[in-house]
Undergrad: 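Here you go, one structure.
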Amino acid sequence: MLFSKIVLFEMIHLNKTLFITGGAGFIGSAVIRYIIQHTDDVVVNIDKLTYAGNLDSLSMVSDSPRYHFEQVDITASGQIQALFCKYQPDAVMHLAAESHVDRSITGSRVFIDTNIIGTYCLLENARHYYSSLSGEKRTHFRFHHISTDEVFGDLPNTDAFFTENTPYDPSSPYSASKAASDHLVRAWHRTYGLPVVLTNCSNNYGYYHFPEKLIPLMILNAIHGKPLPVYGQGNQIRDWLFVEDHARALYLVLKEGKIGESYNIGGHNERTNLDVVEQICEILNRLQAVGKLAKFAPQIGHIRDFKSLITFVADRPGHDLRYAIDASKIEHELGWRPQETFESGLEKTVHWYLENEAWWQRILDGSYQLQRLGLDCEESR
Ligand SMILES: NC(=O)c1ccc[n+]([C@@H]2O[C@H](COP(=O)([O-])OP(=O)(O)OC[C@H]3O[C@@H](n4cnc5c(N)ncnc54)[C@H](O)[C@@H]3O)[C@@H](O)[C@H]2O)c1
């Protein structure tokens with residue numbers, strides 16, 4: 001009895017409390033599912049629930065006593081301060097952001113507010129909180145800023161790769177706002193000694209991805225018999241990483257990354273956008289041929305080759321041609337490697353969307369947004 005009490009005490013003592021900002025988003029929810037399922041840490045999900053936040057993505061872990069949700073805007077500095085006082089976190093993983101490049105072109109203001117001012121508010125609160133810490137809690141405190149390879153801008157279509165030393169050269173309001181936030185994080189380390197780590201990752205794909213992004217958009221449009229819009233000639237090259245590989249890498253960097261350092265994370269999966277869309281079509285063609293798309297038959301109609309739905313549309317302004325990550329630092333220093341190939345990850349992703357209609361249907365009909373107003377209920381499903 002005494003022994004088990006000691007073990008319980010030590011377990012409680014060892015559990016770390018992690019703030020995850022943006023935990024209701026695509027990558028944040030993957031990080032929370034990973035932490036609740038694979039560690040003993042306690043998670044506090046801090047999310048404003050913008051259109052991109054969806055608590056349905058956390059349904060498999062939200063009953064855990066180690067999961068807490070706080071609907072807070074990261075620009076609300078007073079509320080963030082109160083959360084630091086309430087939970088006394090051991091680390092912050094900062095993922096909250098406006099993340100869609102197209103939206104940043106048509107409405108950049110909210111990108112400046114959340115990505116720059118929001119990061120500043122978090123940094124200031126983390127700095128004051130950190131200065132109040134002592135002993136082990138102070139030694140182990142970390143602020144992990146999650147960023148993108150888009151801060152590096154365009155790569156010539158050669159064998160060049162983004163390394164951690166590539167100069168920043170962002171092209172879109174989104175990537176410029178993320179670049180600004182990266183600079184703030186580094187400045188708070190150099191000027192105030194805040195123990196930070198940074199990661200810059202390539203394009204993610206996988207489960208629970210909001211259907212405005214390329215891969216889920218193409219899957220859902222295809223099974224609804226709608227056109228598959230491809231920018232320009234579809235020759236932009238992106239380096240794709242399965243989101244669960246990213247979540248694993250982020251936790252590893254939080255635990256093992258060196259203070260003040262940044263780590264590039266990528267999947268070694270360079271594909272043109274057109275290749276990606278055609279590969280999705282090929283998977284769906286195969287499933288259609290063996291009758292696995294029967295439940296979507298009314299929308300699909302007589303389509304036999306989904307590639308016939310591909311439609312080229314006017315290119316996005318300032319569209320970078322190629323991103324490609326050199327992930328050798330995280331591989332050599334921390335021993336991380338992606339577990340999914342693009343082929344295996346894409347196959348799993350297509351199947352997930354076909355099997356999880358309830359998740360995306362609530363996005364398409366808008367009912368998932370009732371969560372934001374605290375109105376979610378069975379009747380709305
Ligand atoms: N998706 C990618 O391919 C990718 C690649 C590399 C890096 N990143 C970075 O990873 C992070 C997460 O990306 P994602 O794709 O999961 O984004 P997402 O758009 O799916 O999710 C963002 C989340 O942040 C929340 N949020 C937005 N503004 C907020 C605010 N002011 N206060 C509190 N919460 C707010 C939203 O409600 C949402 O839950 C971002 O910082 C992004 O820049 C994304």
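Counting starts at 1 for both ligands and their atoms, in listed order.
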Undergrad: Would you give the length of the straight line joining atom CG of Asn200 to atom CD1 of Ile325, rounded to the nearest 0.5 angstrom?
TA: 6.5 Å
Undergrad: Any nitrogen or oxygen of Asp47, side chain or backbone, less than 3.5 Å from one on ligand 1?
TA: yes
Undergrad: Counting only heavy atoms closer than 4.0 Å, does ligand 1 sit against the backbone of Tyr174, its side chain, both, or neither?
TA: side chain
Undergrad: Near Ile146, which atoms of ligand 1 are under 4.0 Å from a heavy atom of that residue?
TA: 10 (O), 41 (O)
Undergrad: Between atom CD1 of Ile300 and atom CG of Leu284, what is the distance when rounded to the nearest 0.5 Å?
TA: 7.5 Å
Undergrad: What about Gly23: any of its N or O atoms under 3.5 Å from an N or O on ligand 1?
TA: no
Undergrad: Could you check atom 3 (O) of ligand 1 against the protein and tell me its nearest heavy-atom contact, residue, atom and distance included?
TA: Asn204 N, 2.8 Å
Undergrad: Counting only heavy atoms closer than 4.0 Å, does ligand 1 sit against the backbone of Glu150, its side chain, both, or neither?
TA: neither
Undergrad: Looking only at protein heavy atoms, which one is nearest to atom 28 (N) of ligand 1, and how far off is it?
TA: Thr114 CG2, 3.4 Å
Undergrad: Identify, by atom number and element, the atoms of ligand 1 in contact range of Val72, meaning under 4.0 Å from any of its heavy atoms.
TA: 32 (N), 33 (C)
Undergrad: Under a 4.0 angstrom heavy-atom cut-off, which atoms of ligand 1 come close to Ser147?
TA: 6 (C), 7 (C)
Undergrad: Within the supplied structure, the quantity of interest is the number of heavy atoms (other residues, nucleotides, ligands) at a distance under 6.0 Å from Tyr120 OH; does it exceed 12?
TA: no
Undergrad: Just going by heavy-atom distances, which of Gly22, Ala97, Ala30, Gly118 is nearest to atom 22 (C) of ligand 1?
TA: Ala97
Undergrad: Would Asp102 and Lys213 pass as an ion pair if we require N to O under 4.0 Å?
TA: no
Undergrad: Among all protein non-hydrogen atoms, which one is nearest to atom 1 (N) of ligand 1, and what is the separation to 0.1 Å?
TA: Ile27 CD1, 3.7 Å
Undergrad: Got the closest protein heavy atom to atom 5 (C) of ligand 1, with its distance?
TA: Ser202 O, 3.3 Å
Undergrad: Just jot down the ligand 1 atoms closer than 4.0 angstrom to any heavy atom of Gly53, in number order.
TA: 37 (O), 38 (C), 39 (O)
Undergrad: Run the salt-bridge test on Asp154 and Arg322 with the 4.0 Å N-O cut-off and return the result as yes or no.
TA: no
Undergrad: Which residue holds the protein heavy atom closest to atom 32 (N) of ligand 1, what is that atom called, and what is the gap in Å?
TA: Ile74 N, 2.9 Å
Undergrad: Of the backbone atoms (N, CA, C, O) and the side-chain heavy atoms from C-beta on, which set of Thr21 has a member under 4.0 Å from an atom of ligand 1: side chain, backbone, both, or neither?
TA: neither
Undergrad: Quick one: does ligand 1 sit under 4.0 Å from the side chain of Leu49, the backbone, both or neither, non-hydrogen atoms only?
TA: backbone
Undergrad: Tell me which protein heavy atom sits closest to atom 21 (O) of ligand 1, plus the residue, atom name and distance to 0.1 Å.
TA: Gly25 CA, 3.3 Å
Undergrad: Does the N or O separation between Asp73 and ligand 1 drop below 3.5 Å for any pair?
TA: yes
Undergrad: Within this structure, what is the CG-CG distance for the pair Leu287 and Leu293, rounded to the nearest 0.5 Å?
TA: 5.5 Å
Undergrad: Answer with yes or no whether the hydrophobic clustering places Leu184 together with Met93; edges join I, L, V, M, F, W, Y residues whose side-chain heavy atoms lie under 4.5 Å apart.
TA: no
Undergrad: Below 4.0 angstrom, N of the basic side chain to O of the carboxylate: do Lys348 and Glu340 qualify?
TA: yes
Undergrad: Using a cut-off of 6.0 Å, state whether more than 12 heavy atoms not belonging to Lys295 lie near its atom NZ.
TA: yes
Undergrad: Tell me, with the steps shown, if Phe143 and Tyr130 meet ring-ring contact (aromatic ring centres under 6.0 Å, His included).
TA: CA-CA 10 Å; Phe143 186 102; Tyr130 177 65; over 10 Å; no
Undergrad: Below 30° counts as parallel, above 60° as perpendicular, anything between as tilted: where do the rings of Phe19 and Tyr87 land?
TA: perpendicular
Undergrad: Where does the angle between the aromatic ring planes of Tyr323 and Phe162 fall among parallel (under 30°), tilted (30 to 60°) and perpendicular (over 60°)?
TA: tilted
Undergrad: If two hydrophobic side chains count as joined below 4.5 Å and joins carry through other members, does Leu122 share a cluster with Leu198?
TA: yes
Undergrad: Taking only heavy atoms of Asn203, which atoms of ligand 1 are found under 4.0 Å from at least one of them?
TA: 3 (O)
Undergrad: Could you list which atoms of ligand 1 come closer than 4.0 Å to a heavy atom of Cys201?
TA: 5 (C), 6 (C)
Undergrad: Could you walk me through whether Phe26 and Tyr208 pass ring-ring contact (aromatic ring centres under 6.0 Å, His included), step by step?
TA: CA-CA 6 Å; Phe26 170 48; Tyr208 302 101; 8.8 Å; no
Undergrad: Does the plane of the ring in Tyr168 sit parallel, tilted or perpendicular to the ring in Phe152? Use 30° and 60° as the thresholds.
TA: perpendicular
Undergrad: So, is Lys48 polar-close to ligand 1, with some N/O to N/O distance under 3.5 Å?
TA: yes
Undergrad: State the atoms of ligand 1, each with its element, that fall below the 4.0 Å cut-off from a heavy-atom position in Ala24.
TA: 39 (O)
Undergrad: Among all protein heavy atoms, pick out the one at the shortest distance from atom 11 (C) of ligand 1; state its residue, atom name and that distance to 0.1 Å.
TA: Leu95 O, 3.2 Å
Undergrad: So if I count the atoms of ligand 1 from 1 in the order they appear, which ones are less than 4.0 Å from some heavy atom of Ser99?
TA: 17 (O), 18 (P), 19 (O)
Undergrad: Got the closest protein heavy atom to atom 36 (C) of ligand 1, with its distance?
TA: Thr50 OG1, 3.3 Å
